[in-house]
Amino acid sequence: MAGAQGKVYFIGAGPGDPELLTLKGKRLIEEADVVIYADSLVPESIADFANKDAEVHGSKTMALPEIMELMLASVRQGKKVARIQSGDPSIYGAILEQMRILESNEVEYEIVPGVSAAFAAAAVLKTELTVPEVSQTVIMTRAEGRVSMPPREQLRDLAAHGCSLIVFLSVTRMTKVVRELLAAGYPKETPVAVVYRVGWPEEKVIRGDLSDIAAKVRESKITLQALIMVGEAMNPHLRDPLPASEQPQATSHLYSQDYTHLYRRSPSRPDTFGPRIKSGEERVPLPKVPLSDVSGGH
Ligand SMILES: C[S@@+](CC[C@H](N)C(=O)[O-])C[C@H]1O[C@@H](n2cnc3c(N)ncnc32)[C@H](O)[C@@H]1O
């Protein structure tokens, strides 16, 4: 049990696969006295990390006041509460309303990040969302539905950038999404992947382009828990071996021979900063360069 007053931990569960839960998230679930998990999107196998004496509640049938009452009553008894949410809690996690209530009750809380379904889907697609000369920007958004979009965040406006676009909570509005993306200027050949329940045993990937994806999704009968991943970065052919003459365009600066960064000096630009490793691994101290001056490197 926690001290005089307990504490709430919002824990990102990742997309579903328990192995994508962080070690910190797992430890906190194991230590919790009360576990409240979003059982519409978080599998029971993650709540199963709770210790045998913990109270475990699925929250899909609970309204917010009920969840908050349970949290507040538990922390007043000095208990540790693990509030487990899908993916990363900061993305469509509706944590703000929960945090406000905790703040107004002076309850201590912490957020433990998780792997968003967006990144799990990118991994399943074997895609890099930020490919040089293809897209250097990722937009995560949703189509307007019951929740209205703020002005200037209409899908059509966002899509006008033509970058990698990840659309949450919108697979039931596939036709509308496609219409908006085409109207924004994405060519109809733009690759699209719909990833259903990534990280779950029933995971499914539907690939297509803007001309056929809506029909494919309709046929698949997928109506929830899916992401729409749009953009040239989703093109599986980007992974095809390139002719030697095209190599430089396709390579990120980070690994380029000619690119110097804090940890590696370009052989073609020996006067620039970077680690100077002499024969026998002797290290020469690096000149002090503010990190803000280093671009492109990790
Ligand atoms: C309430 S939002 C939660 C998003 C979550 N916080 C995240 O970072 O992934 C629910 C939406 O996220 C997407 N989603 C969540 N889990 C998913 C999964 N395992 N596979 C595919 N999409 C998922 C779907 O678009 C779903 O409608």
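All ligand and atom numbering here is 1-based and tracks the order in the structure. Just so it is clear, the structure is predicted and the values come from calculations on it, not from any experiment.
- Nearest protein heavy-atom neighbour of atom 23 (C) of ligand 1: Ala117 CB, 3.5 Å.
- A donor-acceptor pair shorter than 3.5 Å cannot be found between the side chains of Gln225 and Glu202.
- In terms of protein heavy-atom proximity, atom 10 (C) of ligand 1 is closest to Leu41 CD1, 3.7 Å.
- Using modelled atom types, one side-chain atom of Thr127 and one backbone atom of Ala233 make a donor-acceptor pair closer than 3.5 Å.
- Between Asp88 and ligand 1, at least one pair of N/O atoms sits closer than 3.5 Å.
- In this structure a side-chain-to-backbone donor-acceptor pair under 3.5 Å is missing from Lys188 to Leu182.
- For atom 12 (O) of ligand 1, the closest non-hydrogen atom on the protein side is Phe168 CD2, 3.3 Å.
- Residue contacts with ligand 1: Tyr92 is placed with no nitrogen or oxygen under 3.5 Å of a nitrogen or oxygen of the ligand (distance criterion only).
- Side-chain contact between Asp157 and Glu153: absent, with no pair of heavy atoms (C-beta onward) separated by less than 4.5 Å.
- Ligand 1 has a nitrogen or oxygen under 3.5 angstrom from a nitrogen or oxygen of Ile91.
- Taking atom 24 (C) of ligand 1 as the reference point, the nearest protein heavy-atom neighbour is Ala226 O, 3.4 Å.
- When hydrogens are left out, the protein atom nearest atom 20 (N) of ligand 1 is Val198 N, 2.9 Å; that is the closest non-hydrogen contact.
- Heavy atoms of Ala120 found under 4.0 angstrom from ligand 1: none, in either backbone or side chain.
- Within the 4.5 Å cutoff, the side chain of His161 has heavy atoms near those of the Ile139 side chain.
- Looking at ligand 1, you won't find any N or O of Gly87 less than 3.5 Å from one of its N or O atoms.
- A heavy-atom distance below 4.5 Å is not found between the side chains of Gln77 and Asp33.
- Each of the following atoms of ligand 1 lies closer than 4.0 Å to a heavy atom of Val195: 21 (C).
- Salt bridge present: Lys26 and Glu30 bring a charged side-chain N and a carboxylate O closer than 4.0 Å.
- Arg142 has its side chain within reach of Met149: a pair of non-hydrogen atoms, C-beta onward, lies under 4.5 Å apart.
- Close approach of ligand 1 to Leu227 is summarised as follows: ligand atoms under 4.0 Å from at least one heavy atom of the residue are 13 (C), 22 (N), 25 (O).
- In terms of protein heavy-atom proximity, atom 21 (C) of ligand 1 is closest to Gln225 O, 3.3 Å.
- Side-chain contact between Ile111 and Met99 is present, with heavy atoms from C-beta onward closer than 4.5 Å.
- Set against the non-hydrogen atoms of Arg197, the atoms of ligand 1 under 4.0 Å away are 18 (C), 19 (N), 20 (N), 21 (C).
- Atoms of ligand 1 lying under 4.0 Å from any heavy atom of Trp200, numbered from 1 in the order shown and given with element: 19 (N).
- Counting only heavy atoms from C-beta outward, the side chains of Pro187 and Thr190 approach each other to under 4.5 Å.
- For ligand 1, the atoms lying closer than 4.0 Å to a non-hydrogen atom of Pro15 are 19 (N).
- Backbone and side-chain nitrogen or oxygen atoms of Leu169 are examined, and one is located within less than 3.5 angstrom of a nitrogen or oxygen of ligand 1.
- Looking at heavy atoms from C-beta onward, Pro113 lies out of side-chain contact with Thr22 at the 4.5 angstrom threshold.
- Protein heavy atom nearest atom 3 (C) of ligand 1, with residue, atom name and distance: Ser86 OG, 3.5 Å.
- We find that Glu110 and Lys24 are joined by a salt bridge, their nearest charged nitrogen and carboxylate oxygen being less than 4.0 Å apart.
- No N or O atom of Gly93 sits closer than 3.5 Å to an N or O atom of ligand 1.
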